[in-house]
Each structure stands twice: as structure tokens, then as C-alpha cells.
Amino acid sequence: MSTTTPASEVRKGLYGVIADYTSVSKVMPETNSLTYRGYAVQDLVENCSFEEVFYLLWNGELPTQDQLTKFNKRGRSYRKLDPGLISLIHSLPTDCHPMDVMRTAVSYMGTKDPEHFTPDKEHITHVGHNLLAQLPMAMAMDIRRRQGKDIVAPDPNKGVAENLLSMVFGNEEDSPASNPEDVRDFEKSLILYAEHSFNASTFTSRVITSTRSDVYSAITGAIGALKGPLHGGANEFVMHTMLEIDDPNQAEAWVNDALDNKKLIMGFGHRVYKKGDSRVPSMERSFRALAERHDGAKWVAMYENMQGAMDARNGIQPNLDFPAGPAYYLLGFPVDFFTPLFVIARVAGWTAHIVEQYENNSLIRPLSEYNGPEQRHVVPMDQR
Ligand SMILES: CC(C)(COP(=O)(O)OP(=O)(O)OC[C@H]1O[C@@H](n2cnc3c(N)ncnc32)[C@H](O)[C@@H]1OP(=O)(O)O)[C@@H](O)C(=O)NCCC(=O)NCCS
């Protein structure tokens, strides 16, 4: 064993390590609160559009009406269907995970962007607008091709949330895009998913950025990190679990059995929040409202019974993915597209962090405590 530093100094999972400063958001587990650029997330959810929050995360201040109009005009000008992206998506296997399609789409967009990479805010803003316009189209195309349906073209007159719903579900009367309350509850989920300080995917994007690589590479890597079930992938596993349990009256027994077998219950627990996730009350309200409008009493009972069982057993509280999973299900999204929705929202936070990393960069390169064999000599092949 090598013995340069005591093993107790190794922080596995960087548990509790403060890696840098950030002015993008602040997670306060002691008071169970979260602010984006100083505004409580609940305040933003109740009073702002997703685009206003996007603007805030990038620019540090909420926009005036004039600034927002210009921001939206610019952002929506990027909503052009790219024939190359269409044929790429249609060439991918229909049984691959939709997060693989998102990751591939971003990587492809990086090869197509005519703007030469420059590590400054204007360029990153350009890429952010491009991603926010193209990724909802990529996701909607992917859903519809798997369902054998034609593309619904983007609409430059709609906000991000409504436009996304309309491209996925169409514009018929029964589409959530035609119901302003559904649009608003969906938009609230995007605001809640937009940013969360140094989580695994944001940190990944910052690590890649710190090497002075380009923005598309940073976002491609971030998507890979978000896909995992311990991070963004949890919202899908929440719904898979609820569908597997099926009967809310079985929820308590299912949870206890899973815990007896040392299984993780997805949608519960958090690395930073130990007394509950600050985003849950807002998302839970939207989930309950969606359940009222979409005959979702069964999923509310499931939610309550699972939460009650977890609380009684170990006190571990739900995180944002727990109400978001059934909320997306009630809107009609296929379960394996829940994490791609998270990607679209989190582009806001990732790009804000990429700007911050570029503006005050230091290569991110931690050390490790070696615990392999002592130094030794190569034994020639014929003597091994
Ligand atoms: C998010 C997560 C990775 C945080 O992990 P962490 O910071 O390492 O968790 P902690 O160290 O506080 O866990 C303390 C204990 O609670 C247990 N625990 C934490 N979350 C749990 C869960 N969801 N289900 C069952 N047990 C859980 C841990 O296994 C650990 O048990 P142990 O002391 O017997 O080993 C973890 O809670 C988890 O895997 N949750 C499920 C996935 C999820 O919902 N992810 C989305 C996060 S926003």
C-alpha cells in the first residue's frame, strides 16, 4: 500500500467538497431552500416564464419586457428544422434509449455549427439558443417516429413549453398543448429542473469546459452524466416503479420489501438535501393539479403511500424526480422520454455554468490516493 496521505482525507464522491465559487444558484439544505441568482425558485415558478428564468440564469438579472421580447425573437429564430438532424434521428435504432439520441443530436449539432468556437459569452449564448431550439425538435421527432407519426413543425409564436408540447402531441383539442393549465404546469417543471448548482452533470460540463474544450462537447458530456439513474434518470425509474407496483394499496409492502433487500427507491434521497428537496412542494402542487384534470387519483394515492412508507421506515424524503415522474406520465409523455425533458430544461443551467467556468477558468484536475501495488519491474514475457 502506498502511504502518502491518510485514507481518511480521501473524499469519495467529493462528498462535502467545495470545488469552486458560483453565482448561478445556491442550495441551502439547512433552510430547505434554493435560489437562482438570488431569487427563490418558488417565487420564479409562480411568477415567471421559463424563458425569463433562462434569461436570468444567463444574465444574472430578470429581463425587462423589451429585453425578453428581443431574447425570445432571437431564440425562436433558431427553430428551423434541419434536414441533416431529421435524417440522423431517423437513422438511429428505435430501441435505443432516447437519452442516447439527445446525446448524439448535440454531438451532431457541434459538427454542423458554422460559428467558430470562441470561449466567450456571446458564443455560448448562441449555442444555448441553438440547443434550446433544436433539442425539443429532436426529442419530439424521436417520440413521433417511434409512434409512426409525422413531424409537427415548430411554431415561432409559442413559448418553449407550449411549442414543445405541440411538437410532441400535436395541436388537436385533446393535446396538452391546447390546455393552458397543462402548459403552465409543464413549464413549472422546466423551471424547477433548470438549475441546481454543482450536481454531477453540471460538474461534468464544467470539467470539460475547464480544458477549454467547446460548448457542444461540454453539453454532450453533461447529458451522459445526467442519464444515470442516480441523477436525472431517476424520474423515469420513479414511474417504472409506480407502474410495477400498480396498486397503491401494495405500495407500502413493496417499499418495505425493497428496503429489506437493500434496494434503492428511486426519487428519494439527495446528496445535499437531507431534510427534503426544496423543489418538491412546487412540483407536487403541479402533479396534483395534473392528476385532478387527467383522472390521476391512482397515482396520487401511489405517491402518498410510497412517501408514507419511506417516511415511516427511514425518514428519507422525496426529491424533485418523485412528483415529476408521474406528472410527465399524466401529460402523456412516454416514460423513457422523461430524462430528455430534464436535458432541455437543464441546458439553461449548464450553459450558465459554462460561461462562469470560462470567465474564471482553472483546469479541474483533482488528485487521487493510490492504493495499487508497490512499484515493481516488468517480468519478461517468457518468465511470466
Ligand atoms: C441521491 C443519492 C445518490 C444520494 O446518495 P448519498 O448522498 O450517497 O446518500 P446518503 O449517503 O445520504 O445515504 C444514506 C443512507 O440512506 C440510504 N438511501 C439514500 N437514498 C436512498 C433511497 N432512495 N432508497 C433507499 N435507501 C436510500 C443509503 O443507501 C444509505 O444507507 P446506508 O447508510 O445503510 O449505506 C441517493 O439518495 C439515491 O441513490 N437516491 C435514489 C436515486 C435518485 O432519486 N436520484 C435523484 C437524485 S436528485
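We count ligands from 1, going down the list as the structure has it; atoms in each ligand are counted the same way.
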Exercise. So His270 and His196, would you call those rings parallel, tilted or perpendicular, with 30° and 60° as cut-offs?
Worked result: perpendicular
Problem set entry | Any pair counted as side-chain hydrogen bond (donor to acceptor under 3.5 Å, both in side chains), so long as it reaches residues 129-141, sequence neighbours left out | Asn130-Tyr216
Exercise. Looking at the rings of Phe287 and Trp299, which for Trp means the six-membered one, are their centres under 6.0 Å apart?
Worked result: no
Problem set entry | Listed once per pair and sorted, the salt bridge (charged side-chain N to carboxylate O under 4.0 Å, His left out) pairs that draw on residues 84-111, sequence neighbours left out | Asp100-Arg103, Asp100-Lys227
For this session: Examine Phe54 together with Phe50 and report whether their ring centres are nearer than 6.0 Å.
Result: yes
Exercise. Other hydrophobic cluster members with Ile364, side-chain heavy atoms of Ile/Leu/Val/Met/Phe/Trp/Tyr under 4.5 Å, chained?
Worked result: Leu14, Val17, Phe198, Phe203, Val207
Exercise. Tell me, which residues have any heavy atom less than 4.0 Å from some atom of ligand 1?
Worked result: Tyr15, Pro229, Leu230, His231, Ala234, Leu259, Lys263, Leu264, Ile265, Met266, Gly267, Phe268, Gly269, His270, Arg271, Lys274, Met310, Ile316, Asn319, Asp321
